Asks: 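What follows is a single structure, and I will ask about it in a moment.
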Amino acid sequence: MHDIKEIRENLKEFSNQIKKRNVDVKFDEILELDKENRSLIQEKEKLESEKKSISKSKDKSLFNKSKELTDKISTLQTKQLSISQKLNELLSSIPNTPLSNVPEGKDESSNKEVEKKGSIKESEFKIKSHYEVGENLNMLDFDLAAKTSGSRFVFVKNKLAKLERALSNFMIDVHTKENGYEEISPPLLANFDTMFGTGQLPKFESDQFEIKIDDNNRKFLIPTAEVILTNMAREKTIDIKELPSRYVASTPCFRKEAGSYGKDTKGMIRQHQFYKVELVSLVEPQKCEEELERMTKCASGILDKLKLPYRIVELCTGDMGFSAQKTYDIEVWVPSEKKYREISSCSTCGTFQARRMKAKYKNSKNEKNFIGTLNGSGLAIGRTMIAIMENYQDKDGSIIIPDVLKPYMDNIDKITSN
RNA sequence: GGAGAGAUGGCUGAGCGGUUGAAAGCACCGGUCUUGAAAACCGGCAAAGGGGCAACUCUUUCCUGGGUUCGAAUCCCAGUCUCUCCGCCA
């Protein structure tokens with residue numbers, strides 16, 4: 001959420017920044033509504049002030065006048081409210097402005113690779129896709145999931161199910177013990193305000209699964225733990241001593257994936273439900289970029305430990321998510337596709353989400369300011385499984401267990417079909 | 001599911017129709033004292049929005065939404081959430 005004052009005062013600069021994001025914003029309409037809104041407020045306040053003084057005077061002869069004022073005020077109020085609502089709708093659909101050092105571009109073709117790590121091994125046999133391997137092992141069952149639930153779901157069975165759990169535990173252990181994150185087991189349903197706070201609503205409602213409790217009680221399945229973890233700070237003033245706050249949670253995530261029909265239909269890449277370990281940091285706003293570097297390291301560190309080849313990509317202005325100011329994607333090597341696929345996305349949102357959530361902190365001078373919020377996957381479990389099933393694939397179709405996971409897998413070396 | 005109690009500033013907590021934007025305490029900030037710190041003492045300290053170059057000023061806000069009244073934190077109605085007791089239950 002942006003400050004209307006800033007837009008009003010620095011329109012040119014602001015609209016230039018927004019333009020970089022490849023979106024069209026009706027600034028004329030916004031300014032017009034803002035003007036109208038303010039003039040209605042002035043009119044209303046004048047009458048309110050008059051009414052107040054009558055009531056203070058306790059002069060009975062003026063009481064009738066005061067009644068009339070009440071009516072006039074309520075008419076003005078209704079009008080003003082509807083205008084400010086419209087204004088807010090427009091404002092809340094404007095994405096965050098990119099930081100000045102973010103590469104400009106329309107789409108992913110302008111993203112910038114900033115780091116490449118791990119070696120891609122030439123295999124002496126043909127690497128099978130993760131779903132072939134999984135189905136051959138009888139440990140991934142897409143058909144069964146289609147029957148019980150529909151498309152884009154999967155049954156993970158046996159040792160692969162254990163691997164999924166192992167990954168979750170391994171990642172949480174690293175983030176809590178080595179990276180200073182606090183483990184949280186959060187609710188998986190979020191209300192409207194919470195979804196608004198991180199920017200999923202109102203603009204991206206069609207991506208969300210909604211649980212209808214009754215007509216005025218809407219809940220949503222979280223699309224990522226970012227939503228619920230970041231909102232821990234909602235409508236709060238945090239003591240500066242508590243910053244930075246760093247949280248990690250491993251949760252299922254639910255996404256409709258509307259608009260991605262025909263994309264990644266095969267396998268586990270794009271599911272309606274998947275596990276993800278999520279990192280969230282709450283920091284002083286000026287420390288956002290520093291924290292983003294740190295967070296990206298924490299996330300990519302997992303891939304280092306798993307010895308999986310990856311690269312880090314800095315997203316360009318046109319490819320970033322709605323709330324982000326700057327984003328690094330971490331992409332893991334997927335041998336069967338012979339390309340890198342996103343396994344983590346780390347973003348700083350600056351004060352954009354904090355404004356929507358009214359999340360503040362008090363600095364050492366006793367001034368209240370909006371906090372900075374960051375989120376990143378550390379990592380997506382399903383996609384990490386894919387990476388392991390392919391990069392650690394043996395020629396007989398078994399899967400070698402990465403060393404760091406062995407303690408979490410009863411010290412077995414391999415997942416085989418028997 | 002049944003019966004009660006409650007929701008007030010960063011926190012605790014008073015107020016229960018008319019300078020109450022709200023006592024008090026804690027926290028926090030500034031100062032005095034001190035070699036430094038602590039303690040003590042003095043002072044400051046809600047938010048959002050509008051107008052003004054500014055000093056400043058106006059409006060709104062005591063969970064949310066309605067209502068009563070010239071006037072509501074205070075009274076009435078509805079809702080949300082929290083707590084206690086009983087029942088049920090993973």
Side-chain angles (χ1 to χ4, degrees), chain A residues 1-10 30-92 185-197 201 210-220 228 231-245 252 282-285 351-371:
Chain A
M1 189 80 154
H2 295 287
D3 189 354
I4 179 70
K5 273 190 209 162
E6 242 168 77
I7 299 179
R8 199 192 298 149
E9 282 159 23
N10 305 310
I30 288 174
L31 289 178
E32 186 53 41
L33 286 169
D34 173 47
K35 206 169 147 191
E36 204 172 339
N37 184 42
R38 281 185 297 149
S39 98
L40 283 168
I41 286 172
Q42 281 180 55
E43 220 177 314
K44 187 188 73 162
E45 287 187 352
K46 215 171 116 193
L47 300 183
E48 276 170 343
S49 177
E50 201 177 329
K51 181 177 156 175
K52 209 170 176 177
S53 71
I54 291 177
S55 127
K56 262 188 183 163
S57 74
K58 297 186 203 173
D59 180 345
K60 279 189 181 162
S61 68
L62 294 171
F63 284 1
N64 269 334
K65 173 104 198 264
S66 174
K67 273 188 177 175
E68 279 170 33
L69 286 174
T70 307
D71 289 344
K72 279 187 194 164
I73 289 169
S74 106
T75 310
L76 278 172
Q77 174 126 309
T78 312
K79 207 165 154 193
Q80 190 262 115
L81 237 50
S82 97
I83 293 210
S84 78
Q85 212 167 47
K86 248 185 247 166
L87 178 61
N88 271 331
E89 263 164 45
L90 287 176
L91 281 178
S92 58
S185 173
L188 304 179
L189 295 189
N191 61 25
F192 188 96
D193 290 346
T194 294
M195 295 287 279
F196 179 89
L201 294 179
E210 181 174 350
I211 307 281
K212 198 166 182 178
I213 293 174
D214 55 58
D215 284 342
N216 35 19
N217 192 356
R218 309 173 67 191
K219 309 255 192 244
F220 299 83
I228 204 95
N231 273 277
M232 286 168 74
R234 182 149 63 90
E235 285 161 56
K236 257 174 67 167
T237 304
I238 300 169
D239 198 303
I240 190 165
K241 286 178 208 141
E242 289 179 41
L243 299 181
S245 288
L282 312 176
V283 301
E284 293 173 68
T351 57
F352 184 82
Q353 292 181 324
R355 250 183 244 287
R356 294 171 84 98
M357 296 191 296
K358 302 186 177 70
K360 299 190 166 183
Y361 76 104
K362 219 179 220 178
N363 69 14
S364 55
K365 283 183 191 142
N366 236 7
E367 297 160 337
K368 281 186 188 175
N369 275 310
F370 291 110
I371 58 169

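For the numbers below, each heavy atom of this structure counts, side chains included, while hydrogens, waters and symmetry mates do not. Residue numbers begin at 1 in each chain, while the letters A, B, ... track the order of the sequences. Bear in mind the structure is a predicted one, so any value in this text is a computation, not a measurement.
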Asks: With side-chain contact (heavy atoms from CB on, under 4.5 Å) as the test, pick out the partner of A:K360 among A:K368, A:R355, A:K236, A:E235.
Replies: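 Among A:K368, A:R355, A:K236, A:E235, the one meeting side-chain contact (heavy atoms from CB on, under 4.5 Å) with A:K360 is A:K368.
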
Asks: For A:I73 and B:U69, what is the distance between atoms CD1 and C1' respectively, to the nearest whole Å?
Replies: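 Result: 15 Å.
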
Asks: So, does the side chain of A:E45 form a donor-acceptor pair with the base of B:G49 at under 3.5 Å?
Replies: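 Counting by modelled atom types and ignoring angles, a donor-acceptor contact under 3.5 Å is found here.
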
Asks: Ignoring backbone atoms, test whether A:K52 places a side-chain nitrogen or oxygen under 4.0 Å from the OP1 or OP2 oxygen of B:U60.
Replies: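 Yes, within the criterion.
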
Asks: For atom C1', what is the distance between B:A72 and B:C77, given to the nearest Å?
Replies: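 So the two C1' atoms sit 15 Å from each other.
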
Asks: Watson-Crick or G-U wobble partner for B:G9, using a 3.5 Å limit on both distances?
Replies: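 Because no pair has both required distances under 3.5 Å, B:G9 counts as unpaired.
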
Asks: From C-beta outward on A:I41, which listed nucleotide comes closest to its side chain: B:G50, B:U59, B:G71?
Replies: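 For the A:I41 side chain, the nearest candidate turns out to be B:G50.
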
Asks: Separation of A:D59 atom CG from B:G71 atom C1', in whole Å?
Replies: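 The distance from CG of A:D59 to C1' of B:G71 comes to 13 Å, rounded to the nearest Å.
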
Asks: According to a strict under-4.0 Å criterion, is A:K5 in side-chain N/O contact with OP1 or OP2 of B:G50?
Replies: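 Yes, A:K5 has a side-chain N/O under 4.0 Å of OP1/OP2 on B:G50.
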
Asks: Rounding to an integer number of angstrom, what distance separates B:G51 and B:U64 when you compare their C1' atoms?
Replies: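 The answer is 30 Å between these two C1' atoms.
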
Asks: Kindly say if A:R8 contacts the phosphate of B:G50, meaning a side-chain N or O under 4.0 Å from OP1 or OP2.
Replies: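 Affirmative; the distance criterion is met.
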
Asks: So, OP1 or OP2 of B:A48: does either fall under 4.0 Å of a side-chain N or O from A:K360?
Replies: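 True: A:K360 side-chain N/O within range (under 4.0 Å) of B:A48 OP1/OP2.
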
Asks: Atom CG of A:L91 and atom P of B:G49: how far apart are they, to the nearest Å?
Replies: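 After rounding, the reported distance stands at 12 Å.
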
Asks: OP1, OP2 of B:U59 versus side-chain N and O of A:K44: anything below 4.0 Å?
Replies: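 Indeed not, no polar side-chain atom of A:K44 lies that close.
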
Asks: Heavy atoms under 4.0 Å, any strand shown: does A:S66 hit a base, just sugar-phosphate, or nothing?
Replies: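 Sugar-phosphate contact only - A:S66 comes under 4.0 Å of backbone atoms but never of a base.
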
Asks: Do the side chain of A:T70 and the main chain of A:S66 share a donor and acceptor less than 3.5 angstrom apart?
Replies: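 The answer is yes, because a donor-acceptor pair under 3.5 Å joins these two groups.
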
Asks: Respond yes when some side-chain nitrogen or oxygen of A:K46 is under 4.0 Å from OP1 or OP2 of B:C58, and no when none is.
Replies: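 It does not, given that no N or O in the side chain of A:K46 lies less than 4.0 Å from OP1 or OP2 of B:C58.
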
Asks: Whom does B:U20 pair with, Watson-Crick or G-U wobble, provided both distances fall under 3.5 Å?
Replies: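 Across any shown strand, B:U20 pairs with none.
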
Asks: Report the distance from atom CG of A:D71 to atom P of B:U69, rounded to the nearest whole Å.
Replies: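 Those two atoms, CG and P, are 12 Å apart.
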
Asks: Is the phosphate of B:G51 approached by A:R38 (side-chain N or O, under 4.0 Å from OP1 or OP2)?
Replies: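 Answer yes for this pair, as a side-chain N or O of A:R38 is under 4.0 Å from OP1 or OP2.
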
Asks: Suppose you measure atom P in B:G67 against the same atom in B:A54; what distance do you get, rounded to whole Å?
Replies: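 Those two atoms are separated by 37 Å.
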
Asks: Taking the C1' atom in each of B:G65 and B:A7, what is the distance between them to the nearest angstrom?
Replies: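 16 Å, rounded to whole Å.
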
Asks: Separation of A:E235 atom CD from B:U8 atom P, in whole Å?
Replies: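 Rounding to the nearest Å, CD of A:E235 and P of B:U8 are 13 Å apart.
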
Asks: Taking the C1' atom in each of B:G50 and B:G43, what is the distance between them to the nearest angstrom?
Replies: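 Straight-line distance between the two C1' atoms is 31 Å.
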
Asks: Does any nucleotide pair with B:C28 by Watson-Crick or G-U wobble geometry, both distances under 3.5 Å, and what is it?
Replies: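 Here B:C28 is engaged in a pair, and the nucleotide opposite it is B:G44.
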
Asks: Nearest to the A:K368 side chain among B:G71, B:C58, B:A47, which nucleotide is it?
Replies: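 So the side chain of A:K368 is nearest to B:A47.
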
Asks: Determine, stepwise, if the pair A:T194 / A:N191 fulfils side-chain hydrogen bond (donor to acceptor under 3.5 Å, both in side chains).
Replies: CA-CA 5 Å; A:T194 294; A:N191 61 25; 2.9 Å; yes

Asks: Does A:K219 NZ have over 12 foreign heavy atoms under 6.0 Å away?
Replies: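 More than 12 heavy atoms, drawn from other residues, nucleotides or ligands, come within 6.0 Å of this atom.
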
Asks: P atom, B:U19 versus B:U74: distance in rounded Å?
Replies: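 Their P atoms lie roughly 14 Å apart.
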
Asks: Closer than 4.0 Å, any side-chain N/O of A:S49 to the OP1 or OP2 of B:C58?
Replies: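 Checking B:C58 against A:S49, no side-chain N or O comes under 4.0 Å of OP1 or OP2.
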
Asks: Does any part of the side chain of A:F352, heavy atoms only, come nearer than 4.5 Å to the side chain of A:H2, both counted from C-beta?
Replies: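 Result yes, sub-4.5 Å side-chain heavy-atom pair found.
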
Asks: Counting Watson-Crick and G-U wobble pairs only, both distances under 3.5 Å, name the nucleotide matched with B:A90, or none.
Replies: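 Pair assignment: B:A90 / none.
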
Asks: Can you tell me if A:K67 touches the phosphate of B:C70, counting only side-chain N or O atoms and a distance under 4.0 Å to OP1 or OP2?
Replies: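 Yes, such a contact exists.
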
Asks: For nucleotides B:A14 and B:A23, find the distance between their P atoms and express it as a whole number of Å.
Replies: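 Rounded to whole Å, the distance is 14 Å.
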
Asks: From CD of A:Q42 over to P of B:U59, roughly how many Å is that when rounded to an integer?
Replies: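 That distance rounds to 14 Å.
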
Asks: Any base atoms under 4.0 Å from A:K58, or only sugar-phosphate, or nothing? Heavy atoms, all strands.
Replies: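 Here A:K58 touches the bases of the nucleic acid.
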
Asks: Without decimals, in angstroms, what is the distance between A:K56 NZ and B:G17 C1'?
Replies: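 Roughly 16 Å, once rounded to whole Å.
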
Asks: Is B:G4 paired to anything, Watson-Crick or G-U wobble with both distances less than 3.5 Å, and if yes, which nucleotide?
Replies: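 B:G4 is paired with B:C83.
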
Asks: Could you tell me whether a side-chain N or O of A:R356 sits under 3.5 Å from a main-chain N or O of A:F196, the two making a donor and an acceptor?
Replies: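 Flag set: sc A:R356 to bb A:F196 pair under 3.5 Å.
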
Asks: Return the 5'-most residue of the pair A:E48, A:K362 with respect to RNA chain B, ranking by each residue's nearest nucleotide.
Replies: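 Nearer the 5' end of the strand: A:K362.
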
Asks: Could you check how far CG of A:L40 sits from P of B:G49, rounded to whole Å?
Replies: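 A:L40 atom CG is separated from B:G49 atom P by 18 Å.
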
Asks: Could you work out which one of B:G49, B:G10, B:G18 sits closest to the side chain of A:T237?
Replies: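 Shortest atom-to-atom distance from the side chain points to B:G10.
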
Asks: I'd like the C1' distance from B:G4 over to B:A22, given in whole Å.
Replies: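 29 Å, rounded to whole Å.
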
Asks: Judged by atom type as modelled, is there a donor-acceptor pair below 3.5 Å linking the side chain of A:S57 to the main-chain atoms of A:I54?
Replies: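 Yes; judged by distance alone, with no hydrogens or angles, the pair exists.
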
Asks: For the pair A:D34 and A:R38, find out whether any cationic side-chain nitrogen is under 4.0 Å from an anionic carboxylate oxygen.
Replies: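 Yes, this pair counts.
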
